[in-house]
Amino acid sequence: MSKRLDWIDEEIAQLKEKGFYNQIRTLSSPQGAWLVVDGKRVLNFCSNNYLGLANHPKMVEAAQNALQKYGVGPGAVRTIAGTMDIHLELEKRLAKFKGVEDCITFQSGFSANIATIPCLVDKNDAILSDELNHASIIDGCRLSGAKILVFKHADAADLERVYLENKDKYRRFLTITDGVFSMDGDLAPLDKIYEITSKYDLMLMVDDAHGEGVVGKGGRGIVDHFNLHGKVDVEVGTMSKAFGVVGGMVAGSAKIIQWLRQRGRPFLFSSAVPPADVAACLAAVDLLESSTELVDRLWDNGNYFKSEMQKLGFDTGESQTPITPVMLGDAKLAREFSRELFENGVFAMALGFPTVPLGKARIRVMISAAHSKEDLDLSLAAFEKVGKKLGVIS
Ligand SMILES: *Cc1c(COP(=O)(O)O)cnc(C)c1O
C-alpha cells in the first residue's frame, strides 16, 4: 500500500482536532433574506449580498437577455479572441460610476489583486500593508516578490514610522489597505493614510470589496466616502458582494489601467467573466445610478439592528458599516451560539481564531437591504432567546 498521500489524512485530522475544519452547508435556494439551508428555511445573515441584488428581477432579466444575444461563454482570453463589446461597456460604466478615468475588470476580486500588485512592484520594491489585509492582497504581495512591510491596523502614524525606517532600502513603495475590514466592519482611515502617502509621494491602493455599493454616495465606495477622488492610485473592487454577481474591477487613472491591460496576468492568461454575468453587473450599475433607495435601506437596516442589539445588552464592537459583529469572546461559545440560532431559524456565522484574534470570537451578522423590518425583528427575538439561554445577556 502506498503511503505517499497519508500526510493529508494527518493534516485533516489536525484541522478537525483544532476546530479549523470547514463544514460547508448546502443551499438549495437563491440568495436572499431567506434561504433553504440543508433542507431548512432560515433567515440569512451570512452572505455579502448587501443590496439584495443576487436574485433581483432586473438583474436576472438582464442576464437572460445577454444569454440570448451572446451565449454562455467568452471563448478565450480577451487579448486573443477579442473582447466582447459588453465587457468594454461595463468598464466604461464603472469608470463613470466611480468618477475615475478608466476601469478594467477581472474574473474576481481575488484575481484583481493578484493581477494588480505584481504590475506595480517587484523585488526591488516594498509594500506597506495593513496587518489585517485580506488574503488575496497578501497573495498578490507575495507573488510580486516585493518586500512586505506590515503596519499596525488602521494606523497611519505607524505606516509613516515603517516607511521612514525602510525608505532607503527599496526603490518604490506601494501602500495597500482594505477599505472596509469585513471581520469588524471598520473603515480604513484613508484620509490619514493619504496624508502620509502624498507627503512622501508613495503609490496608494485600496481594496474596497466590502465598500463597493455600500459606502460613499449611493455606494460609490470608500474613495468617494473620504472625497479623495483622483488621489488614490488604485481602487480594487468586487462585483460578488453588493453587486450580487461575480467579477473584480480596478478603477484608477488611464495610465495605470492601460498598464494593467498590458501586464495583468489574469487578464492576459485567463478568460473573462461570462457575458450574462457582465450584463447583470451592468444592471447593478443602472440600479445604483437610478436611486439610492437600496443603499439607504441597507444602512437603515444596519443602524436599526445594531441599536436594538445594544438595547438587549449585546456588544456589537467597533463597526462603522452595516456589518454587525456580536462579540462573544470564547470560540466555543460562539459556535454554540451559532448552532442555537440555526435551531431558531437564523443562519449567522461564528468566527473564531485564526479568522479573528484569539479571545475575540463572535457571530458576524451580515445585514442586507433585502431584509424587511419583520425579518430583523424575528432575528432580534432569536438573539434575545439564545443570548439569555447561554448567559450572554440577562
Ligand atoms: C471578498 C474579498 C475579495 C475577493 O473578492 P471575490 O470577488 O470574491 O474574489 C478581495 N478582497 C477583499 C477585501 C474581500 O473582502
Side-chain angles (χ1 to χ4, degrees), residues 22 24 31 46-51 53-54 87 90-91 94 98 103-118 120 127 129-144 150 153-154 174-190 193 204-216 219 221-223 225 232 234-252 260 264-267 270-274 277-278 280-281 284-285 319-325 349 351 355-356 364 366-368:
N22 277 327
I24 305 176
Q31 279 293 340
C46 287
S47 57
N48 304 318
N49 180 24
Y50 290 111
L51 302 176
L53 296 183
H87 286 100
L90 177 61
E91 288 166 343
L94 285 170
K98 302 281 297 171
C103 176
I104 179 173
T105 55
F106 292 91
Q107 300 82 357
S108 67
F110 201 111
S111 54
N113 275 326
I114 60 173
T116 303
I117 300 166
L120 300 176
I127 294 163
S129 179
D130 186 291
E131 65 181 328
L132 297 187
N133 275 348
H134 188 261
S136 59
I137 297 178
I138 294 168
D139 285 8
C141 293
R142 288 177 181 158
L143 207 53
S144 75
V150 172
H153 175 53
L174 170 65
T175 301
I176 312 181
T177 181
D178 273 33
V180 174
F181 290 85
S182 63
M183 296 302 140
D184 290 286
D186 57 326
L187 297 180
L190 202 60
I193 288 174
L204 175 57
M205 165 171 163
V206 62
D207 175 356
D208 202 25
H210 282 271
E212 212 68 76
V214 175
V215 301
I222 192 161
V223 170
H225 172 84
V232 176
V234 173
E235 260 183 280
V236 170
T238 178
M239 286 162 290
S240 70
K241 288 169 181 155
F243 277 58
V245 195
V246 73
M249 67 172 110
V250 177
L260 294 180
R265 290 171 71 83
F267 182 80
S270 181
S271 295
V273 165
D277 293 329
V278 174
C281 292
V285 179
S319 171
Q320 297 164 272
T321 61
I323 296 172
T324 308
M349 233 4 221
L351 301 176
T355 310
V356 295
R364 186 180 61 166
M366 301 302 276
I367 299 290
S368 169

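Just follow the structure's listing: the first ligand is 1, and inside any ligand the first atom is 1.
- Of all non-hydrogen atoms in N133 and I138, the two that sit nearest each other are O-CD1, 3.5 Å.
- The ligand atoms of ligand 1 that sit less than 4.0 angstrom from a heavy atom of A209 are 2 (C), 11 (N), 12 (C), 13 (C), 14 (C), 15 (O).
- Close contacts between ligand 1 and H210 involve ligand atoms 15 (O) [criterion: under 4.0 Å to a heavy atom].
- For S136, every heavy-atom contact with ligand 1 shorter than 4.0 Å involves the side chain, none the backbone.
- Judged purely by atom type and a 3.5 angstrom limit, N22 has no side-chain atom pairing as donor or acceptor with the backbone of I24.
- The backbone N or O of T177 sits nowhere less than 3.5 Å from a side-chain atom of D130 that would complete a donor-acceptor pair.
- Checked against a 3.5 angstrom limit, the closest N/O atoms of T238 and ligand 1 fall inside it.
- One N or O on the side chain of Q107 and one on the backbone of P266 form a donor-acceptor pair closer than 3.5 Å.
- Near D207, the atoms of ligand 1 lying under 4.0 angstrom from a non-hydrogen atom of the residue are 10 (C), 11 (N), 12 (C), 13 (C).
- Ligand-side atoms of ligand 1 in range of D178: 13 (C), range being under 4.0 angstrom from any heavy atom.
- Side chains of H153 and D186: a donor on one and an acceptor on the other come within 3.5 Å.
- Which parts of ligand 1 touch F110 is read off a 4.0 Å heavy-atom cut-off, strictly below it: atoms 4 (C), 5 (O), 6 (P), 9 (O).
- Counting heavy atoms closer than 4.0 Å to ligand 1, residue K241 contributes side-chain atoms (C-beta onward) but none from N, CA, C or O.
- Given atom 8 (O) of ligand 1, the protein heavy atom at minimum distance is S240 OG, 3.1 Å.
- Among protein heavy atoms, atom 5 (O) of ligand 1 sits closest to G109 CA, 3.6 Å.
- Distance alone, capped at 3.5 Å, is enough to place a donor-acceptor pair between the S368 side chain and the N49 backbone.
- Under the 3.5 Å distance criterion, the side-chain polar atoms of E91 are matched with a main-chain donor or acceptor of T105.
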